[in-house]
Amino acid sequence: MARYNPKEVEPKWRAAWAEADAFRAKAEPGKPKYYVLEMFPYPSGRLHMGHVRNYSLGDVIARYKRARGFAVLHPMGWDAFGLPAENAAMERGVDPKAWTYDNIARMRSELKELGLAIDWSREFATCDVDYYGRQQSWFLDLFKAGLVYRKESVVNWDPVDQTVLANEQVVDGRGWRSGAPVEKRKLNQWFLRITAYADELVDSLKTLDRWPDKVRIMQENWIGRSQGLKFSFDFAGQTPAGFERGLEVYTTRPDTLFGASFVGIAPDHPLAEQLAAADPNVAAFVAECRRGGVSEAEIETAEKIGWHTGFKVKHPFDPNWELPVYIANFILMDYGTGAIFACPAHDQRDLDFARKYGLPVRPVVLPPGADPATFEIGEEAYTGPGTIFNSSFLDGKDVEAAKAEAIARIEAEGRGQGTTIYRLRDWGVARQRGWGCPIPVVHCAKCGVVALPKSVLPVALPDDLEFGKPGNALARHPTWKHTTCPTCGGPAERETDTLDTFVDSSWYFARFTDTEAEEPISKAAADYWLPVDQYIGGIEHAVLHLLYARFVTKALADQGLLSVREPFAGLFTQGMVTHETYRKQNGEWVEPREVEIVAEGKTRRARLVETGEPVVIGDVEKMSKSKRNTVAPEEIFEVYGVDAARLFVLSDSPPERDAQWSTGGVEGAWRFVNRVWAEFDSQPSELPAAGTPPGDKAEALRVLTHRTVKAVTEAVESFRFNSGIARLYEFLNGLKDFPAAGASPDVLAARQEALAAFARLIAPFTPHLAEECWSQIGGEGLVAEAPWPDFDPALSQDAVKVLPVQVNGKRRGEIRAPAGAEPAEVEKMVLDDPEIARRLEGLTIRKVIVVKDRIVNIVAA
RNA sequence: GCCGCCGUAGCUCAGUGGUAGAGCGCAUCCUUGGUAAGGCUGAGGUCGGCAGUUCAAUCCUGCCCGGCGGCACCA
């Protein structure tokens with residue numbers, strides 16, 4: 001008997017797939033198409049377990065859909081621009097371009113080793129000039145359409161990475177990559193007008209029914225649409241300079257206008273700045289407001305503080321009612337108008353503030369069932385539904401009706417307007433970095449900012465950028481930026497900012513549909529393949545990449561480059577790969593490979609392989625370099641083969657949850673691979689002639705086979721790969737009851753059927769093993785090109801059912817009945833059964849419940 | 001605070017309105033020409049807690065407890 005040797009078997013089949021060009025995507029009209037895509041990797045240099053999991057998941061889908069007769073597109077590329085290359089350049093003096101392409105070469109070979117059913121002919125990297133040049137082309141289209149603009153604004157500046165960050169890239173006030181506290185800087189910046197699509201980005205989330213709710217909710221929160229009212233207060237008495245037209249505020253609660261107590265402005269509101277310039281005390285207060293931290297915890301606990309400006313405004317519905325104007329630290333300049341009217345009774349923040357400064361608290365929304373005479377607000381604002389009272393013409397209305405009425409009244413008086421506002425900001429896309437896609441515009445002293453004509457594209461990066469020191473290598477290049485203005489022919493300077501790498505990844509899926517096309521996107525190919533039917537990646541991109549890609553798709557559709565308005569019809573967010581952590585007594589982290597686990601009874605202890613020094617087993621955490629709890633895929637491939645690694649990572653947990661890597665687990669998968677092979681190896685090549693009628697035993701095996709096909713098919717369809725694999729384990733265990741040695745001809749034939757199904761069922765998970773097994777039993781061609789097995793519904797269930805019999809809900813016996821037996825018939829069988837009868841002695845039968853093919857319950861007393 | 005997910009064997013996880021399952025680990029035994037291995041058998045579970053619906057609840061409903069994730073001074 002030959003031992004299974006993945007080191008020989010696996011490369012052999014990869015070569016066979018390449019030889020057959022098995023995974024080339026071909027648009028075939030009349031055949032249903034399926035586009036499966038995993039988020040493409042950043043070429044950091046090494047494949048990690050997260051990649052193994054991500055791409056194995058996608059590969060299961062790709063192989064399964066192919067077996068199901070779909071024309072499948074499953075491509076691979078590289079998200080190749082970005083800072084790590086520049087950092088490597090600075091640290092090690094290498095060229096970012098060479099570094100990146102070297103990494104790509106290494107990772108490509110590692111990915112190929114995984115045996116993925118990928119059409120490698122479509123591979124590209126975003127740093128290929130063929131790619132980013134075409135990105136510049138559609139960037140110019142958006143420019144022309146007014147979706148790109150430049151403005152001076154306060155931006156997030158990452159002092160470590162020395163670049164601007166988009167709002168989405170600032171997490172808890174820190175740069176998402178560097179972790180450095182972000183500074184505010186006023187810069188000329190390039191923006192993409194994502195807010196023009198805010199409504200559609202929210203509204204069409206509803207159509208993405210194959211996206212996780214979680215991601216849709218996160219995007220909805222991020223866009224943060226709210227309907228409300230913008231209106232102006234007139235000043236009473238003294239009017240500050242520049243505010244002759246009043247003080248504009250935004251509110252979502254115009255129904256509570258009669259509960260107004262004061263008006264608040266943000267510390268960096270123009271009025272506050274004006275006052276601060278004139279009065280050092282105000283300036284000191286504003287400075288104090290700014291000192292507050294930016295983290296959630298700090299904001300949470302920050303006390304509300306205010307400064308009474310001395311100004312007063314008139315209530316819009318009662319000119320004799322005057323409200324004081326405060327500068328308050330809890331008001332944000334970059335939301336709404338940076339000014340609010342406060343209704344303490346129905347807003348907690350306003351209430352905290354009002355209590356502190358002794359301002360009136362007047363309830364105007366009466367909760368259902370409350371008595372208007374006695375209803376009072378304590379330390380908790382009432383924000384629920386109710387009936388408006390104490391509110392003149394709004395009295396008696398519910399909250400929604402009162403909102404509409406208040407807005408109508410304000411609009412009629414010309415004081416303001418019902419408005420929808422968003423938390424979403426336009427996307428700042430310029431980065432002051434050299435290793436990125438150049439923005440195709442020039443600055444001309446005479447003509448200003450001039451977009452280049454498409455005829456001069458691509459604007460390629462120079463090959464001799466100098467990355468040895470911090471800052472923008474493109475800006476300091478001696479000659480690159482000097483050019484001529486396409487409008488006037490005079491001297492001009494190229495824009496030296498490059499595009500955010502999220503721009504690169506916002507359309508790559510469309511380019512994959514035809515990587516040869518002259519134009520950025522081949523309309524015909526995109527129309528055939530898009531949208532991506534199944535997109536797979538990490539949850540960390542829920543509001544970054546996934547939002548940008550949706551926006552760019554819509555914008556490109558409006559420029560006529562695409563037909564779809566949503567790029568990803570189905571989204572799956574997979575969990576992370578985790579591992580136990582280990583530390584020495586001195587607290588130093590230790591890698592799993594340096595540790596051996598010893599079981600002492602039921603407790604596990606760890607020690608260093610080298611010295612035997614005891615090691616503390618810590619928490620299970622995401623594999624990371626800092627905790628040193630990583631396991632290198634190539635070392636696993638070397639020992640157990642690729643299939644065992646794939647199998648384990650797919651079988652360990654549901655794909656959306658974290659998977660915990662363990663040596664024991666991968667060893668279990670490896671043993672499974674060997675047992676599968678042994679089972680196939682034991683099948684004789686001489687088989688009985690077809691048509692041998694199956695006896696009971698053969699029939700039982702056929703039932704097992706067909707049930708397994710059904711269960712695995714359903715599991716794969718619903719992304720429960722781990723369940724599917726669990727069924728395959730059970731299938732293999734079940735096969736042991738039907739050994740080839742000494743089997744009768746009919747059983748041997750049933751075994752052949754079982755194995756033929758088995759090879760095809762494991763093909764998406766362990767493709768190399770599947771080929772070897774398929775070939776062993778004389779399967780035709782490659783299993784990668786074989787159709788998915790069908791199941792016979794009649795065989796996927798038993799002919800004879802074992803029905804448990806309960807008496808008063810407790811199991812008291814069982815009977816065997818033909819499948820589909822009628823309740824009356826079953827009842828008779830049960831009551832005739834001597835064992836059951838014994839159980840019922842002395843009891844009166846009240847009721848007999850027969851659930852067809854399931855169970856019988858006798859209620860007796 | 002709001003929203004979402006999770007709680008089943010020692011561990012990692014399947015599963016189902018009716019009989020509780022896999023891998024790993026553990027124990028017993030077998031094999032010793034698959035051997036830095038393989039196989040047989042087995043033990044181990046109030047299915048987080050309480051209540052409700054039901055003939056019957058691990059599963060449905062409600063409340064509670066515990067863990068994880070996202071959002072949040074957004075007017």
Within this structure, what is the [atom1]-to-[atom2] distance between [X] and [N], rounded to whole angstrom?
X: A:Phe672; N: B:G38; atom1: CZ; atom2: P; answer: 15 Å
X: A:Arg707; N: B:G15; atom1: CZ; atom2: P; answer: 17 Å
X: A:Asp268; N: B:C73; atom1: CG; atom2: P; answer: 15 Å
X: A:Phe721; N: B:G15; atom1: CZ; atom2: P; answer: 14 Å

Would you mind telling me which of [options] lies closest to the side-chain atoms of [X]?
X: A:Leu332; options: B:A75, B:G15, B:C13; result: B:A75
X: A:Tyr729; options: B:C73, B:A22, B:C74; result: B:A22
X: A:Asn733; options: B:A75, B:G23, B:G70; result: B:G23
X: A:Arg675; options: B:G39, B:A75, B:G15; result: B:G39
X: A:Tyr335; options: B:C74, B:G15, B:G70; result: B:C74
X: A:Asn722; options: B:C13, B:G15, B:C74; result: B:C13

What is the nucleic acid contact for [X], judged by heavy atoms within less than 4.0 Å: base, sugar-phosphate only, or nothing?
X: A:Ile331; answer: base
X: A:Arg727; answer: nothing
X: A:Asp347; answer: nothing

Exercise. When the nearest nucleotide of RNA chain B is assigned to A:Phe341 and to A:Met218 on a heavy-atom basis, which residue is associated with the more 5' position?
Worked result: A:Met218
Exercise. Mapping A:Ser662 and A:Trp670 onto RNA chain B by nearest heavy atom, which one lands closer to the 5' end?
Worked result: A:Ser662
Exercise. Could A:Lys7 and A:Glu638 be called an ion pair, given the rule that one side-chain N must be under 4.0 Å from one carboxylate O?
Worked result: yes
Exercise. Should the pair A:Lys710-A:Glu714 be classified as a salt bridge under the 4.0 Å nitrogen-to-oxygen rule?
Worked result: yes
For residues 255-268 of chain A, dump all side-chain donor-acceptor pairs below 3.5 Å to protein atoms at least two apart in sequence or in another chain.
unit_1, atom_1, unit_2, atom_2, d
A:Asp255, OD1, A:Arg253, NE, 3.1
A:Asp255, OD2, A:Arg253, NE, 3.3
A:Asp255, OD2, A:Arg253, NH2, 3.0
A:Thr256, OG1, A:Arg253, O, 2.8
A:Ser261, OG, A:Pro360, O, 2.8

Whole-angstrom distance between [N] and [M], as gauged at atom [atom1]:
N: B:U61; M: B:G7; atom1: P; result: 14 Å
N: B:G70; M: B:C47; atom1: P; result: 32 Å
N: B:C59; M: B:U16; atom1: P; result: 13 Å
N: B:G66; M: B:G48; atom1: C1'; result: 7 Å
N: B:C74; M: B:G15; atom1: P; result: 40 Å
N: B:A9; M: B:G17; atom1: C1'; result: 23 Å
N: B:C71; M: B:C60; atom1: C1'; result: 30 Å
N: B:U46; M: B:C68; atom1: P; result: 24 Å

Problem set entry | Consecutive-pair stems (3 or more, Watson-Crick or G-U, under 3.5 Å) for RNA chain B | B:1-7 with B:65-71, B:10-13 with B:21-24, B:48-52 with B:60-64
For this session: Using a 90° cut-off around 0 for syn, call B:G34 syn or anti.
Result: syn
Exercise. Residues in side chain to side chain contact (heavy atoms under 4.5 Å, CB included) with A:Gln776, at least two apart?
Worked result: A:Trp677, A:Phe680, A:Asp681
Exercise. Does the cation-pi check pass for A:Lys304 over A:Phe330, that is, NZ or CZ under 6.0 Å from the six-membered ring centre and within 45° of its axis?
Worked result: yes
Exercise. Is it the case that A:Glu248 and A:Ser232 place a side-chain donor and acceptor less than 3.5 Å from each other?
Worked result: no
For this session: Would you kindly say whether A:Thr663 and A:Tyr640 are connected by a side-chain donor-acceptor distance under 3.5 Å?
Result: no
For this session: Could you check A:Tyr4, A:Phe758, A:Phe731, A:Tyr729 and say which one makes a side-chain contact (heavy atoms from CB on, under 4.5 Å) with A:Val676?
Result: A:Phe758
